[in-house]
Peer 1: 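Let me give you the structure first, and then I'll get to my questions.
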Amino acid sequence: MQLIEKNWKDLFIISLLQWMIPIHLINDKDILGIFEKIAKQGIALNSDEQSECSENFKFVKECLFKLGSLNMDISEIEYFKILSLFRTG
């Protein structure tokens, strides 16, 4: 369980790639819409938090683009997930 807790971010990104989630279609305007929906639920994000979320989202999109350019098949993706799970440091 500790391995998953430690490496969940990597596994999340690899799973997005594996399931071909079209995250590349989401743009900055869509992100602002998400922030507005969060605010309607009574959760206020300050400008620093919004900026951090936007930067993290851009990082995820960049990672998916780079991983997608490797053209891995399903076996390679599964192997990559295993390597990421047992990664240290």
Peer 1: Please check: side-chain N/O of N27 versus main-chain N/O of D30, any donor-acceptor pairing under 3.5 Å?
Peer 2: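 Present.
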Peer 1: Quick one: does any side-chain atom of S51 pair with a main-chain N or O of S47 as donor and acceptor, under 3.5 Å?
Peer 2: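 No, S51 side chain to S47 backbone: no donor-acceptor pair under 3.5 Å.
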Peer 1: Do you reckon L32 sits in the same ILVMFWY cluster as I43, going by side-chain contacts under 4.5 Å, direct or chained?
Peer 2: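 Yes; I43 is reachable from L32 via cluster members.
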Peer 1: Would the distance check show the side chain of E49 and the main-chain N or O of N46 forming a donor-acceptor pair, the cut-off being under 3.5 Å?
Peer 2: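 Yes.
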Peer 1: Group every Ile, Leu, Val, Met, Phe, Trp and Tyr by side-chain heavy-atom contacts under 4.5 Å, then state whether I77 and I13 land in the same group.
Peer 2: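 Yes: a chain of side-chain contacts under 4.5 Å links I77 to I13.
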Peer 1: What is the distance from atom CG of L83 to atom CG of D10, rounded to the nearest 0.5 Å?
Peer 2: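 Reported to 0.5 Å precision, the distance equals 11.0 Å.
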Peer 1: With a 4.5 Å cut-off on side-chain heavy atoms, are F86 and N7 touching?
Peer 2: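 No, every pair of side-chain atoms sits at 4.5 Å or beyond.
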Peer 1: Can K66 and E62 be said to form a salt bridge (charged side-chain N to carboxylate O under 4.0 Å, His left out), step by step?
Peer 2: CA-CA 6 Å; K66 289 178 180 179; E62 183 180 315; 3.1 Å; yes
Peer 1: When hydrophobic residues are tied together by side-chain contacts of less than 4.5 Å, even through go-betweens, does L45 share a cluster with V60?
Peer 2: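 Yes; tracing contacts between hydrophobic side chains, which count when under 4.5 Å, links both residues.
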Peer 1: Has the side chain of E76 got a donor or acceptor atom that lies under 3.5 Å from a matching backbone atom of D73?
Peer 2: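 A pair under 3.5 Å: yes.
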Peer 1: Between L64 and H24, is any pair of side-chain heavy atoms under 4.5 Å apart?
Peer 2: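 L64 does not reach H24 side chain to side chain.
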Peer 1: Look at the side-chain heavy atoms of Ile, Leu, Val, Met, Phe, Trp and Tyr, link any pair under 4.5 Å apart, and say whether I74 and M20 land in one connected group.
Peer 2: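 No, it is not one cluster - the side chains of I74 and M20 are not joined through contacts under 4.5 Å.
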Peer 1: Would you say that I34 contacts I38 through its side chain, given a criterion of any heavy-atom pair below 4.5 Å between the two side chains?
Peer 2: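 When only atoms from C-beta onward are counted, I38 and I34 do touch, with a gap below 4.5 Å.
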Peer 1: Using side-chain heavy atoms (C-beta onward) and a distance below 4.5 Å, is L70 in contact with F80?
Peer 2: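 Answer no - side chains too far apart.
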Peer 1: Drop me the distance from I31's CD1 to K58's NZ, to the nearest 0.5 angstrom.
Peer 2: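 So the gap between those two atoms works out to 9.0 Å.
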Peer 1: Atom CD of Q41 and atom NZ of K37: how far apart are they, to the nearest 0.5 Å?
Peer 2: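 These two atoms lie 9.5 Å from each other.
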Peer 1: Compare all side-chain heavy atoms of M72 with those of L17 and state whether any distance is below 4.5 angstrom.
Peer 2: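 A side-chain contact exists here, since the closest heavy-atom pair is under 4.5 Å.
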Peer 1: Side-chain contact, heavy-atom cut-off 4.5 Å: K6 with R87?
Peer 2: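 The answer is no, as the side chains (C-beta and beyond) never meet within the 4.5 Å cut-off.
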Peer 1: Give the cluster check for W19 versus L16: same hydrophobic cluster or not, with ILVMFWY residues linked at side-chain heavy-atom distances below 4.5 Å.
Peer 2: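 Yes.
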Peer 1: Please round to the nearest 0.5 Å and tell me the distance separating atom CG of L85 and atom CH2 of W8.
Peer 2: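 So the gap between those two atoms works out to 14.5 Å.
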Peer 1: Do I14 and S84 come close enough that some side-chain heavy atom pair is under 4.5 Å?
Peer 2: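 I14 reaches S84 side chain to side chain.
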